[in-house]
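Since the structure comes first, as structure tokens, the remarks are kept for the end.
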Amino acid sequence: MAEIIVDGVRYELSEDTLTAKVGMVERDSILLESYTIPETVTANGNTYQVTMIGADAFNNCPLLETVIIPDSVTEIEDGRQVDIFIYLDDYCSAFRKCQRLKSIKLSNNLKK
């Protein structure tokens with residue numbers, strides 16, 4: 001699966017469906033205070049519709065206060081348990097450890 005980084009956020013690209021998933025905020029961008037997920041991202045001459053937010057997308061962004069999710073997004077992945085022997089009952093979730101998060105504008109088309 002191909003990837004692209006846009007404004008410090010990694011997107012996983014599906015060549016088959018021309019869709020993208022918000023992967024994870026890059027280490028040097030964890031101090032984001034607000035983020036608007038784009039409806040589309042462009043790479044290699046293709047435009048990919050952003051339809052999903054990964055389970056650990058904004059995990060550990062301590063200053064994040066506001067997120068805007070476009071109507072193209074239909075799913076936020078479920079949290080998943082990380083290796084219990086390493087992290088002891090640690091769960092990843094899209095907005096875990098975002099202590100300052102005050103506002104999320106959700107997609108009108110969110111199904112999961």
A94 to G54 - nearest heavy-atom pair and separation:
CB-O, 3.7 Å

With sequence neighbours excluded, what pairs up with T66 under the side-chain hydrogen bond (donor to acceptor under 3.5 Å, both in side chains) test?
none

Same cluster (ILVMFWY, side-chain, under 4.5 Å), V9 and V41:
yes

Measuring from K102:NZ to E65:CD, what's the distance to the nearest 0.5 Å?
4.5 Å

Hey, could you give me the OG/CG distance between S34 and L64, rounded to the nearest 0.5 Å?
7.5 Å

Sidechain-backbone polar pair: D71 side chain, N108 backbone, donor-acceptor under 3.5 Å:
yes

Would you say I5 and V22 are hydrophobically clustered, going by side-chain heavy atoms of ILVMFWY under 4.5 Å?
no

Can you list everything that forms a side-chain hydrogen bond (donor to acceptor under 3.5 Å, both in side chains) with T51? Sequence neighbours excluded, please.
none

Hydrophobic clusters here meaning ILVMFWY residues chained together by side-chain heavy-atom distances under 4.5 Å, can you tell me if V67 and V6 are in one?
yes

Which residues satisfy the side-chain contact (heavy atoms from CB on, under 4.5 Å) test with M52, sequence neighbours excluded?
K21, E75, E77

Do L101 and V73 land in one hydrophobic cluster if side-chain heavy atoms of ILVMFWY residues count as linked below 4.5 Å?
yes

Can you name the closest pair of heavy atoms from P70 and P38 and give their distance?
CG-O, 3.7 Å

ring-ring contact (aromatic ring centres under 6.0 Å, His included) with F58: which residues, sequence neighbours excluded?
Y35, F95

Hey, are the side chains of V50 and T19 touching, using non-hydrogen atoms and a 4.5 Å cut-off?
no

Supply the atom-to-atom distance K97 NZ to C61 SG, rounded to the nearest 0.5 angstrom.
11.5 Å

Should L110 and I69 count as side-chain neighbours, where that means a heavy-atom distance under 4.5 Å?
no

Say you draw a straight line from CD1 of I68 to OG of S103; how long is it, rounded to the nearest 0.5 Å?
7.5 Å

Could I get the full list of side-chain contact (heavy atoms from CB on, under 4.5 Å) partners for T47, not counting sequence neighbours?
T40, T42

On a heavy-atom basis, the closest approach of A2 and E15 is CB-OE2, 3.8 Å

Among the clusters formed by ILVMFWY side chains lying less than 4.5 Å apart, do L32 and I76 turn up in the same one?
yes

Sequence-distant partners of Q49, side-chain hydrogen bond (donor to acceptor under 3.5 Å, both in side chains), two or more places apart:
none

Rounded distance [0.5 Å steps], SG in C98 versus CG in L63:
10.0 Å

Closest heavy-atom pair, I53 versus A57, reported as atoms and distance to 0.1 Å, is CG2-CB, 3.6 Å

Out of curiosity, N44 CG to L13 CG, how far, rounded to the nearest 0.5 Å?
8.0 Å

Minimum heavy-atom distance between Y48 and S14, given as atom pair plus value:
CE2-O, 3.6 Å

